[in-house]
2 protein chains.
Amino acid sequence: MADKHELRDKGLRLTPQRELVLSAVRELGHATPEEVAEQVRATHPGINLSTVYRNLETLENVGLVQHTHLGHGGATYHAAEELTHLHLVCSDCGSVGDAPIGAAANFVQNLADDYGFKTDVTHFAVYGLCAACVK
Amino acid sequence: MADKHELRDKGLRLTPQRELVLSAVRELGHATPEEVAEQVRATHPGINLSTVYRNLETLENVGLVQHTHLGHGGATYHAAEELTHLHLVCSDCGSVGDAPIGAAANFVQNLADDYGFKTDVTHFAVYGLCAACVK
DNA sequence: GCCGAAGTTGCGAAGGACTTGCAAGTAGCA
DNA sequence: TGCTACTTGCAAGTCCTTCGCAACTTCGGC
């Protein structure tokens with residue numbers, strides 16, 4: 001896998017644990033560190049939670065994963081290549097929906113034009129009520 | 001103060017501590033529970049941190065304050081009547097800027113039209129780089 | 001293919017932020 | 001003024017995340 005380069009280029013190593021964490025994030029779509037740990041442990045029970053935390057941080061520095069705040073507190077991790085959508089978090093039922101980045105294009109443009117603010121659309125969650133809960 | 005009604009109507013009481021917490025939130029604009037406690041203690045040192053947490057929650061239920069996630073984890077509280085702006089959080093310098101809700105109007109409309117999602121604009125922070133850090 | 005330096009892991013402990021249980025105190029209706 | 005139910009303060013507890021450190025593994029070089 002090409003991920004190897006991203007790591008090596010920064011003097012980092014590709015360990016089995018690191019591969020497992022990365023593939024867990026890719027499989028899960030979005031996941032908290034706890035969920036990643038659980039997923040990894042399904043096949044490799046010995047892996048320590050702090051290793052998961054450290055690897056998520058490392059992989060984020062390298063650019064292979066990214067985190068988003070979905071609100072409740074902790075961060076949620078995504079594989080970097082999947083970060084092409086916004087998160088619509090329902091304040092009622094807690095579900096997390098997706099919307100393409102394009103939906104925010106004019107909003108981002110507004111902020112750039114009026115405030116010089118360069119919005120990172122992938123990093124924030126959008127709160128509100130999902131279609132199901134609006135009813 | 002009319003706040004009394006909001007509380008009484010739900011069978012709650014207006015205690016000195018509760019008033020202090022509310023006015024601290026109003027003075028501070030946006031503040032974490034810790035900051036609220038500090039502000040309250042400046043005049044009334046005896047107030048317990050858990051009282052602040054409990055009162056913020058109570059005041060939120062009543063609708064006098066509201067919380068927003070600015071990202072790092074903990075919630076930030078605002079007086080409900082001041083929640084007329086978005087938060088632009090700079091991922092570089094950490095500053096929190098404001099923008100009127102109107103800036104997101106078309107974005108909100110998009111989400112409503114395309115996904116039936118009813119966005120609560122006041123609840124989410126917008127991440128990115130502020131004008132100063134873009135340079 | 002073997003070596004050694006430096007990055008990594010596992011584990012336990014520490015830290016911070018918030019929550020909970022409970023007895024004592026107090027607001028506010030009667 | 002009395003009572004009852006809501007509140008407070010305090011201490012202990014929980015949850016999530018980070019740290020320190022010794023043992024271990026990766027990987028470039030010999």
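So you know, we letter chains A, B, ... as the sequences are listed, proteins then strands, and number each from 1.
Residue contacts shown for Leu49(B) are absent, as no nucleic acid heavy atom lies under 4.0 Å away.
In this model, no side-chain donor or acceptor of Thr15(B) finds a partner on the base of dC6(D) within 3.5 Å. Judged by distance alone, with hydrogens and angles left aside, Ser50(B) brings a side-chain donor or acceptor within reach of the base of dC10(D), the pair sitting under 3.5 Å. The base of dG10(C) lies close enough to the side chain of Arg54(A) for a donor and an acceptor atom to sit less than 3.5 Å apart. The base of dG7(C) has none of its N or O atoms less than 3.5 Å from a complementary donor or acceptor on the side chain of Arg18(A). Counting atom types as modelled, Arg13(B) pairs no side-chain N or O with a base atom of dG25(C) as donor and acceptor under 3.5 Å.
When rounded to the nearest whole Å, the span between CG of Asn48(A) and P of dT9(C) equals 10 Å. Look at CG on Leu14(B): it is 6 Å from P on dG28(C), rounded to the nearest Å. As rounded to whole Å, 18 Å separates atom P of dG28(D) from atom NZ of Lys10(A). If you measure from atom CG of Leu56(A) to atom C1' of dT8(C), you get 15 Å, rounded to the nearest angstrom.
Note on Tyr53(A): every side-chain N or O is 4.0 Å or more away from OP1 and OP2 of dT18(D).
Side-chain contact between Val52(B) and Glu34(B) is absent, with no heavy-atom pair separated by less than 4.5 Å.
Leu129(B) and Val126(B) fall into different hydrophobic clusters, where Ile, Leu, Val, Met, Phe, Trp and Tyr are joined by side-chain heavy atoms under 4.5 Å apart, directly or via other members. Note on Val89(A): it clusters hydrophobically with Ile101(A), by side-chain heavy-atom contacts below 4.5 Å among ILVMFWY residues.
Between His78(B) and the options His87(B), His85(B), His67(B), a side chain to side chain donor-acceptor pair (under 3.5 Å) holds for only His87(B).
Ranking dG7(C), dT8(D), dT7(D) by closeness to the Gln17(B) side chain, first place goes to dT8(D).
The residue among Asn55(A) and Ala75(B) whose nearest nucleotide of DNA chain C is located toward the 5' end is Asn55(A).
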